[in-house]
Amino acid sequence: MLELGVNIDHVATLRQARGGAEPGILCAVKECEKAGCDSIVAHLREDRRHINDLDIEAIKSIVATRFNLEMSINEEIVEIARKIRPDQATLVPEKRQELTTEGGLRVNGNEQKIRKVAERLKEKGVRVSLFIDPDEHEVNAVKRTGVKIIEIHTGRYSDAGAERVADMEFQKIKKACDIALDIGLTVNAGHGLNYTNVKRVAGIKGINELNIGHSIISRAIFTGLDRAVREMKALMGHE
Ligand code: PXP
């Protein structure tokens, strides 16, 4: 059954607006899990703009499902991940100025560097996933790193606007997924997915997990987190 990882970064974004303790990250973890999410995702960015070091320690200590830490391959962050030992680390590119992760990791041409980071994480019992664009060369490059899990970037499909462009981007995701499955990778997907565009991606055969944040946290303002998570799971085929 297709799984749902809920990215709770923007619960922390709201907290940072006042710099206090509300809304509580751990309450969000508990609500998402009670509603049936399959993993909790959080991105410890180098600039700590939302999730911070204490958050990831606290998440790790209470998570009942799985903790998927999104992170760059920055040395300081890698050392923190080795210490915290989340269930999984998803390696993403990171630029200070960006509003959110803008594209996939450049694996092709950087295999050695990524392999080394992945091995240091695996040494500590952390599963590793690479966030990549839906591109055949990137999928094949993942194989050369020894990493067995990918997350396909669905951002361009989600942001497409025009139907023709969305169709084209969707086909790229589907093709990348098929190639990855053929070479034995576990395939996840995420970025920009919402209550309108998720069904099509959820329908791709062989995808293991979708990671969704902004749209769920946004809906939660109106419905509460419990209902927002349940509604997303229902759209993913869990009715
Ligand atoms: N997957 C990855 C690798 C991401 O970087 C993000 C955003 O932090 C997400 C999924 C969730 O994206 P969104 O918040 O647009 O649902």
Side-chain angles (χ1 to χ4, degrees), residues 3-10 12 25 28-29 32-33 37-95 98 100-108 110-133 138-139 141-155 180 184-191 207-213:
E3 302 201 324
L4 171 64
V6 180
N7 179 314
I8 58 170
D9 290 350
H10 296 312
I25 294 296
V29 172
C32 292
E33 291 189 329
C37 82
D38 301 284
S39 70
I40 297 292
V41 187
H43 186 172
L44 183 70
R45 294 188 73 102
E46 290 163 30
D47 64 9
R48 310 301 199 271
R49 69 173 71 156
H50 38 54
I51 293 289
N52 63 36
D53 304 53
L54 290 177
D55 291 329
I56 62 165
E57 259 181 63
I59 295 169
K60 163 75 187 189
S61 73
I62 69 143
V63 78
T65 53
R66 283 177 288 117
F67 178 22
N68 177 3
L69 177 66
E70 268 185 39
M71 53 179 276
S72 71
I73 59 170
N74 167 286
E75 182 53 32
E76 184 209 0
I77 303 285
V78 173
E79 272 313 311
I80 292 170
R82 278 166 56 88
K83 191 174 116 233
I84 300 292
R85 300 182 182 204
D87 299 284
Q88 183 176 315
T90 298
L91 304 185
V92 301
E94 196 174 306
K95 294 192 213 103
E98 68 193 358
T100 180
T101 314
E102 282 171 356
L105 210 52
R106 286 283 149 261
V107 183
N108 196 10
N110 293 304
E111 290 89 342
Q112 285 315 315
K113 195 157 110 192
I114 292 170
R115 176 188 277 274
K116 275 193 198 134
V117 171
E119 276 168 8
R120 287 172 62 210
L121 292 165
K122 288 186 207 163
E123 241 170 54
K124 297 289 181 184
V126 180
R127 272 196 309 274
V128 177
S129 169
L130 303 181
F131 181 59
I132 60 165
D133 286 334
E138 290 299 327
V139 175
V142 171
K143 201 163 179 213
R144 299 192 286 275
T145 66
V147 171
K148 300 281 186 254
I149 311 171
I150 59 168
E151 179 176 334
I152 298 178
H153 181 31
T154 53
L185 302 177
T186 295
V187 181
N188 301 325
H191 210 284
I207 292 197
N208 171 63
E209 183 169 60
L210 300 181
N211 292 316
I212 309 179

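Only this structure's heavy atoms are used, side chains among them; waters, hydrogens and symmetry mates stay out.
- Remark: Phe131 CZ to Ile152 CD1 distance equals 10.0 Å, nearest 0.5 Å.
- At a threshold of 4.5 Å between non-hydrogen side-chain atoms, the residues Ile149 and Leu130 do not count as touching.
- A donor-acceptor pair under 3.5 Å links the side-chain atoms of Glu138 to the main chain of Asn108, judged by distance alone.
- Evaluation of the side-chain contact (heavy atoms from CB on, under 4.5 Å) rule for Asn7 yields Asp9, Val41, Glu70 as partners, not counting sequence neighbours.
- Across all their heavy atoms, Gly146 and Lys122 have their closest contact at O-NZ, 3.1 Å.
- Judged purely by distance below 3.5 Å, without hydrogens or angles, the side chains of Glu151 and Ser129 never pair a donor atom with an acceptor atom.
- Between Asp87 and Val126 there is no side-chain heavy-atom pair separated by less than 4.5 Å.
- Contact check for Glu33 versus Ile40: side-chain heavy atoms found under the 4.5 Å cut-off.
- Arg115 places a side-chain N or O within 3.5 Å of a backbone atom of Arg144 that can act as its donor or acceptor partner.
- If you check the side chains of Asn74 and Glu94, you find no donor sitting under 3.5 Å from an acceptor.
- Asp133 contributes a side-chain N or O that, together with a main-chain N or O of Gly104, makes up a donor-acceptor pair within less than 3.5 Å.
- No side-chain donor-acceptor contact under 3.5 Å links Asn110 to the backbone of Val107.
- In the displayed structure, Lys60 atom NZ is contacted under 6.0 Å by more than 12 heavy atoms of other residues, nucleotides or ligands.
- Of all the heavy atoms in Ala189 and Ile207, the pair that sits closest is CB-CD1, 4.1 Å.
- Residues Leu105 and Val92 fail the side-chain proximity criterion, which asks for heavy atoms closer than 4.5 Å.
- Of the N and O atoms on the side chains of Thr90 and Asn68, at least one donor lies less than 3.5 Å from an acceptor on the other residue.
- Within the 4.5 Å cutoff, the side chain of Ile25 has heavy atoms near those of the Ile8 side chain.
- Not counting sequence neighbours, Gln112 has no partner by the side-chain hydrogen bond (donor to acceptor under 3.5 Å, both in side chains) test.
- When Arg82, Lys113, Arg120, Lys116 are each tested for a salt bridge (charged side-chain N to carboxylate O under 4.0 Å, His left out) with Glu75, only one passes: Arg120.
- Put simply, the residue from Arg45, Arg48, Lys83 that forms a salt bridge (charged side-chain N to carboxylate O under 4.0 Å, His left out) with Glu76 is Arg48.
- With contacts defined as side-chain heavy-atom distances shorter than 4.5 Å, the pair Ile80/Ile56 qualifies.
- Annotation: side-chain contact (heavy atoms from CB on, under 4.5 Å) contacts of Glu3 (sequence neighbours excluded): Asp38, Arg66, Glu209.
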